[in-house]
A.B. asks: 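I'd like to ask you about the structure that follows.
Computed from heavy atoms alone, side chains included, the values below leave out hydrogens, waters and symmetry copies. Each chain gets a letter, A, B and so on, in the order its sequence line appears, and its residues count up from 1.
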Protein chains: 2
Amino acid sequence: MADVLDDRKKRVLQAVIDDYITSAEPVGSRTLARKYNLGVSPATIRNEMADLEMLGYLEQIHTSSGRIPSSKGYRFYVNGLIPPTPVSDAERARIDAWYRERVRRIEEVFQETARLISQVTRNVSLVLAPQMTQAAFRCLQFLPLDDQRVIAVLMTDAGFVENKIIPMPPGAEFEDFQRMARVINRNLAGHTLQSIQRHSMTEIRDEIDDESLYEAALGIINRALDESRTERLYLGGTTEMLEQPEFHDVEKVRDTLLILEKEELVKDILHAHMGEGLEVTIGQENQDSHFKDTSLITATYHLDGQLLGTIAVLGPTRMQYAKAMSLLEFMNTNLTRIIHRLSR
Amino acid sequence: MADVLDDRKKRVLQAVIDDYITSAEPVGSRTLARKYNLGVSPATIRNEMADLEMLGYLEQIHTSSGRIPSSKGYRFYVNGLIPPTPVSDAERARIDAWYRERVRRIEEVFQETARLISQVTRNVSLVLAPQMTQAAFRCLQFLPLDDQRVIAVLMTDAGFVENKIIPMPPGAEFEDFQRMARVINRNLAGHTLQSIQRHSMTEIRDEIDDESLYEAALGIINRALDESRTERLYLGGTTEMLEQPEFHDVEKVRDTLLILEKEELVKDILHAHMGEGLEVTIGQENQDSHFKDTSLITATYHLDGQLLGTIAVLGPTRMQYAKAMSLLEFMNTNLTRIIHRLSR
DNA sequence: AGTTAGCACTCACCGGTTAGGAGTGCTAAC
DNA sequence: GTTAGCACTCCTAACCGGTGAGTGCTAACT
């Protein structure tokens with residue numbers, strides 16, 4: 001593998017990619033010579049570009065059109081050529097303001113994060129809220145609503161609260177609910193929601209005499225479990241997407257949106273990329289055939305070392321990688337901070 | 001005003017609209033004669049169409065293209081010509097199944113209703129969830145979370161529950177919160193959220209000695225008030241929209257989506273149409289210039305005679321009015337039922 | 001009088017052709 | 001190794017004539 005590009009080839013490749021990312025047009029030797037002072041003539045650049053194409057870093061739609069970067073080209077760019085683009089102070093301020101202004105409750109964080117990312121990157125963003133299965137059961141309490149109903153409130157360690165209105169079984173007293181709460185709390189406290197399965201529940205069943213009471217408690221716990229099992233996916237920026245010339249064709253837009261609507265599919269894809277920190281998947285590298293000409297940048301974030309979720313940007317392979325990557329990296333740490341602030 | 005169309009003119013107008021609604025193509029005299037047995041020759045129909053154009057019910061893009069209905073034409077159609085299209089049993093079943101399968105909690109009703117409407121009508125749907133200002137305060141309760149935090153739970157009559165985690169002020173005991181809850185509940189029970197203003201709150205303030213305790217209680221009540229004041233808007237079917245030939249141009253799609261993203265604007269428009277039952281606004285009739293070639297069908301629904309919200313369909317003027325109208329009418333009554341079922 | 005057939009006319013919508021331009025690869029000179 | 005020159009490719013936009021759907025008008029028919 002002669003994958004060691006000499007310095008000038010790197011400079012040319014970088015110039016091609018930088019230019020194509022902003023212009024979305026195939027870029028030719030003349031343009032490069034004019035806009036980027038590479039110190040050589042168009043003819044020389046042509047030779048270099050021919051070499052780069054031979055090596056697979058560039059592609060040509062047809063003879064006599066400029067070159068565009070291939071997936072391999074972008075890959076090389078992302079791995080080494082990418083210019084450092086820290087999130088500017090202005091942008092940090094904007095992000096802070098955004099959260100301060102819009103996010104009141106923990107549930108809103110994810111949707112707003114999605115909006116924010118798509119606004120800044122002008123691309124579709126995906127936010128996978130953390131699964132709660134690792135969260136610990138803290139306690140279950142009942143509150144009297146009226147003579148026929150009680151409200152069950154379930155809390156987890158991470159500060160998430162779930163509530164449900166339960167009709168009181170005939171003949172039952174509020175006292176009964178409180179007794180049951182004590183039994184349940186004694187048995188389940190500290191367990192992760194995941195580990196609370198039929199197993200622990202049957203033990204509790206034995207302790208509770210009234211069948212319908214037990215059913216009611218089971219209801220809320222199952223609901224909390226459901227909630228914890230189904231991680232939520234938030235999308236943003238489907239409008240931003242339309243600004244990209246790649247999506248000037250309605251067919252493409254529709255295809256992409258239809259995919260994005262298949263929540264399970266999208267979740268699976270994001271799961272596949274869940275790992276340490278930032279991951280960039282470029283065009284061809286995508287397993288899913290629908291994403292062969294889009295790139296996906298994912299970043300996994302942690303909450304209290306256990307819960308984890310993913311934030312991502314999806315866009316055409318011609319994407320502002322530098323900007324998107326640094327933004328995700330920044331949001332990654334930021335998100336943890338925001339959530340902590342809110343759950344206090 | 002010679003707006004009294006003779007019977008044949010009505011039949012021709014209806015045929016033109018019916019055909020255009022399904023085909024999206026300007027419709028000519030020959031087509032009409034072939035597909036709808038009007039009992040006359042194309043030439044006669046041509047004369048009738050010329051008359052209808054003169055009267056403003058039809059329009060022509062250019063000489064020698066068929067005619068398309070004008071706003072006035074649609075208006076006449078909606079007011080009198082529209083064929084009765086009750087929601088079919090199959091569709092009712094589908095709707096029922098949809099709710100049963102997807103809606104677990106009251107908060108989900110609105111989003112799912114939006115999805116459902118857009119699925120059936122293949123157009124954008126809008127659902128304005130009811131304002132809670134008319135809901136009555138029922139009670140506020142506190143639950144211990146740990147030694148530093150309590151959970152405040154606020155309930156309203158309609159069965160909506162709001163919760164917030166509150167850090168315990170230093171030196172305060174859980175007992176203090178319970179005492180405060182009693183004071184608050186005594187003072188506010190039965191009041192509508194709207195009527196709970198600084199007025200009633202100052203009275204409470206006098207009864208509560210600890211400043212920071214009072215602040216905490218104020219926090220949750222204000223939050224509930226905020227929640228009740230900001231009605232939520234749910235959108236559905238932005239993907240469906242793309243299927244309509246009217247939106248085969250990305251520019252149009254983007255324009256429309258950008259408008260729809262301006263939540264306040266959309267809410268205002270919906271408010272303007274809040275009234276009794278079904279309202280249809282066609283193309284030109286829309287105040288907002290952005291909607292000059294779209295139609296909006298709105299339906300106001302009531303909850304317990306007080307809370308009210310709106311469900312709506314937004315689409316090109318060429319829209320299946322009959323279907324959309326009957327669907328909204330059906331959903332209108334259905335929604336009330338579903339919400340009642342859930343809040344029990 | 002109302003209806004219909006016939007006909008000339010309009011105009012969007014093709015398929016094919018052409019001119020222009022951007023860009024390349026190659027060759028030969030520097 | 002670099003560059004100027006040049007022939008070549010191929011996309012794009014504009015032009016053009018034929019086709020067809022549809023109209024309006026007129027004259028004939030019932």
A.B. asks: Nearest to the side chain of A/His62, which nucleotide is it out of C/dG23, C/dA5, D/dC11?
C.D. replies: D/dC11

A.B. asks: Output the rounded distance in Å from CG (A/Leu38) to P (D/dT2).
C.D. replies: 12 Å

A.B. asks: Please report the distance, rounded to the nearest Å, between NZ in B/Lys35 and P in D/dG22.
C.D. replies: 11 Å

A.B. asks: Partner of C/dG23 by Watson-Crick or G-U wobble geometry, both contacts under 3.5 Å, or none?
C.D. replies: D/dC8

A.B. asks: Do B/Tyr36 and B/Asp18 have a side chain donor and acceptor closer than 3.5 Å?
C.D. replies: no

A.B. asks: Between A/Glu246 and A/Lys252, does any NZ, NE, NH1 or NH2 come within less than 4.0 Å of an OD or OE carboxylate oxygen?
C.D. replies: no

A.B. asks: Between A/Asn123 and A/Met241, is there a side-chain heavy-atom distance shorter than 4.5 Å?
C.D. replies: no

A.B. asks: Just the rounded figure in Å: distance from P of C/dA5 to CG of B/Asn47.
C.D. replies: 13 Å

A.B. asks: Can you tell me the Watson-Crick or wobble partner of D/dG17, both distances under 3.5 angstrom?
C.D. replies: C/dC14

A.B. asks: Within this structure, what is the CD1-to-P distance between B/Ile45 and D/dG22, rounded to whole angstrom?
C.D. replies: 12 Å

A.B. asks: Which listed nucleotide (D/dG24, D/dA4, C/dA5) is nearest to the side chain of B/Glu53?
C.D. replies: D/dG24

A.B. asks: Report the distance from atom CD of A/Glu48 to atom C1' of C/dG23, rounded to the nearest whole Å.
C.D. replies: 17 Å

A.B. asks: Kindly say if A/Ser65 contacts the phosphate of C/dG23, meaning a side-chain N or O under 4.0 Å from OP1 or OP2.
C.D. replies: no

A.B. asks: Determine: side-chain N/O of A/Thr31 to OP1/OP2 of C/dG23, distance under 4.0 Å, yes or no.
C.D. replies: yes

A.B. asks: Starting at atom CE of A/Met49, determine the distance to atom P of C/dG25, rounded to an integer number of angstrom.
C.D. replies: 8 Å

A.B. asks: Both B/Gly39 and B/Ser64 contact DNA chain C. Which one's nearest nucleotide lies toward the 5' end?
C.D. replies: B/Gly39

A.B. asks: Rounded to whole Å, how long is the line connecting atom CD of B/Glu25 with atom C1' of D/dT23?
C.D. replies: 17 Å

A.B. asks: Is the phosphate of C/dT4 approached by B/Thr44 (side-chain N or O, under 4.0 Å from OP1 or OP2)?
C.D. replies: yes

A.B. asks: When you check the phosphate oxygens OP1 and OP2 of D/dT3, does a side-chain N or O of A/Ser41 lie under 4.0 Å from one of them?
C.D. replies: yes

A.B. asks: Of A/Tyr20, A/Tyr74, A/Phe76, which is the lone residue that meets ring pair (Phe, Tyr, Trp, His ring centres under 6.0 Å) with A/Tyr321?
C.D. replies: A/Tyr74

A.B. asks: Give a yes/no answer on whether the side chain of B/Arg34 brings an N or O atom under 4.0 Å of OP1 or OP2 in D/dG22.
C.D. replies: no

A.B. asks: Look through every strand shown and name the nucleotide pairing with C/dA29 as Watson-Crick or G-U wobble, where both distances are under 3.5 Å.
C.D. replies: D/dT2

A.B. asks: What is the distance, rounded to the nearest whole Å, between atom CD of B/Gln60 and atom P of C/dA12?
C.D. replies: 11 Å

A.B. asks: With hydrogens left out and only the distance checked, is there a donor-acceptor pair under 3.5 Å joining A/Arg46's side chain and the base of C/dG25?
C.D. replies: yes

A.B. asks: Please round to the nearest 0.5 Å and tell me the distance separating atom OG of A/Ser125 and atom CD1 of A/Ile297.
C.D. replies: 12.0 Å

